[in-house]
2 protein chains.
Amino acid sequence: MRVKQIADALEISADSVRYYTRIGFLVPSKSHNGYKYYRPADVTRLRFILSARSLGFSVNDIKEILFTSSQTNAPCPTVRRLIEQRLKETEQRYQDMHKLRLRMRKAMSEWENTPDQHPTADTICHLIEGFTALKS
Amino acid sequence: MRVKQIADALEISADSVRYYTRIGFLVPSKSHNGYKYYRPADVTRLRFILSARSLGFSVNDIKEILFTSSQTNAPCPTVRRLIEQRLKETEQRYQDMHKLRLRMRKAMSEWENTPDQHPTADTICHLIEGFTALKS
DNA sequence: GGTAAACCTGTGTGTTGCTCACAGGTCAAT
DNA sequence: ATTGACCTGTGAGCAACACACAGGTTTACC
């Protein structure tokens with residue numbers, strides 16, 4: 001299979017496949033014209049990569065998992081350790097995003113009843129500067 | 001003020017100040033030894049930048065707002081338009097993160113009762129591959 | 001005056017996970 | 001042979017900073 005074929009098969013962009021190839025996750029064979037040819041093993045591998053990505057693992061995590069697995073060791077302990085870390089980070093970012101979301105909503109509704117104003121010597125935008133001045 | 005002083009005053013890293021300077025948001029004067037010196041106007045400007053960032057505006061948004069404001073136009077319409085876009089994006093990412101978070105939690109709890117397993121010819125990590133196989 | 005350590009500086013590069021631009025190659029139809 | 005559609009790999013770009021590094025500055029002490 002060539003790059004677009006494997007990309008279409010797994011419903012991702014050809015550029016993504018090229019990326020995973022570039023970082024060594026996929027190792028296609030090269031034909032006479034320089035094109036890269038992917039084999040069924042690459043499909044399995046790519047499918048695994050996508051599954052892991054969709055579970056929040058980073059590319060570096062995947063590298064570690066692939067390496068462990070290639071040593072014929074069970075990667076499960078590594079996977080359990082990593083998902084715990086990633087979940088913790090995700091919860092944190094989720095909280096942060098939640099707060100940001102509320103701030104943005106509050107600003108938007110507040111600004112609906114605030115008249116426009118021209119910038120002055122020490123004011124760039126009174127909406128923004130006025131809003132955050134109230135916050136802790 | 002030199003870079004670290006202004007950074008400490010606004011509780012951000014000196015590297016962030018350097019970044020904003022590099023992209024032209026701050027325009028310090030240069031002294032004989034090549035050091036950059038920031039004036040009170042830069043503090044005002046930086047404070048504005050941080051307020052905007054904390055409201056979810058991108059650096060590019062801020063560039064647009066600063067430009068409008070420098071033309072002595074009221075940047076308010078621009079600001080209203082931008083926050084609406086950014087809020088929409090934030091809501092979307094919030095939803096995505098929520099789903100990811102649930103998937104990760106589900107995977108983690110599911111894997112607590114799943115035994116380790118060595119990789120095989122067509123299995124890299126049965127935890128990951130087994131989990132996502134169930135998903136839509 | 002000297003000098004050593006602590007602290008600070010600007011510039012250049014690295015980060016994540018891809019996406020985009022581009023110059024050229026391939027292939028089927030004419 | 002030649003047109004046109006489609007495909008290819010490589011290199012650069014993105015966001016918003018953080019980091020590495022070689023060297024300059026300042027302070028404390030003799």
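In what follows, every chain begins at residue 1, and chains take the letters A, B, ... in the order their sequences are listed.
Remark: A:Ser58 is not in phosphate contact with C:dT16, judged by side-chain N or O atoms under 4.0 Å from OP1 or OP2. Side-chain N/O atoms of B:Asn33 include none lying less than 4.0 angstrom from OP1 or OP2 on C:dT9. A close approach under 4.0 Å does occur between a side-chain nitrogen or oxygen of B:Tyr20 and OP1 or OP2 of D:dC17. Note on A:Ser16: every side-chain N or O is 4.0 Å or more away from OP1 and OP2 of C:dG17.
Note on A:Phe67 and A:Leu82: separate hydrophobic clusters, where clusters join Ile, Leu, Val, Met, Phe, Trp and Tyr whose side-chain heavy atoms are under 4.5 Å apart, directly or indirectly.
Residues A:Lys88 and A:Glu91 are not paired through a salt bridge, judged by the lack of any N-O separation under 4.0 Å between the basic side chain and the carboxylate. With respect to A:Arg80 and B:Asp116, a salt bridge is recorded, a charged nitrogen being found less than 4.0 Å from a carboxylate O. A salt bridge links A:Glu110 and A:Lys106; the closest N-O separation between the charged side-chain nitrogens and carboxylate oxygens is under 4.0 Å.
In this entry the distance linking NZ of A:Lys30 with P of C:dG25 reads 16 Å, nearest Å. One atom, OH of B:Tyr35, and another, C1' of D:dT26, lie 9 Å apart when rounded to the nearest Å. Per the geometry, CD1 belonging to B:Ile62 stands 11 Å off C1' belonging to D:dA16, to the nearest Å. Atoms CZ (A:Phe57) and P (C:dG17) sit 13 Å apart, rounded to a whole Å. Atom P of nucleotide D:dA15 and atom CZ of B:Arg86 are separated by 11 Å, given to the nearest angstrom. One interatomic measurement links the two molecules: OH of A:Tyr37 to P of D:dT8, which rounds to 8 Å at whole-angstrom precision. Distance, A:Glu11 CD to C:dC18 P: 16 Å, rounded to whole Å. To the nearest angstrom, P of D:dC17 lies 14 Å from CG of B:Leu10.
Within 4.0 Å (heavy atoms only), A:Asp15 reaches at least one base atom of the nucleic acid. A:Arg2 comes within contact range of the sugar-phosphate backbone alone, with a heavy-atom separation under 4.0 Å but no base atom that close. Using a 4.0 Å heavy-atom criterion, one finds that A:Arg18 contacts the bases of the nucleic acid, with or without backbone contacts as well.
There is no side-chain donor-acceptor pair under 3.5 Å between A:Ser13 and A:Tyr19.
Residue-to-nucleotide proximity on DNA chain C shows that, of B:Arg22 and B:Val3, the 5′-proximal contact is made by B:Val3.
Minimum atom distance to the side chain of B:Lys36 is reached by C:dG10, of the listed C:dG10, D:dC7, D:dC17.
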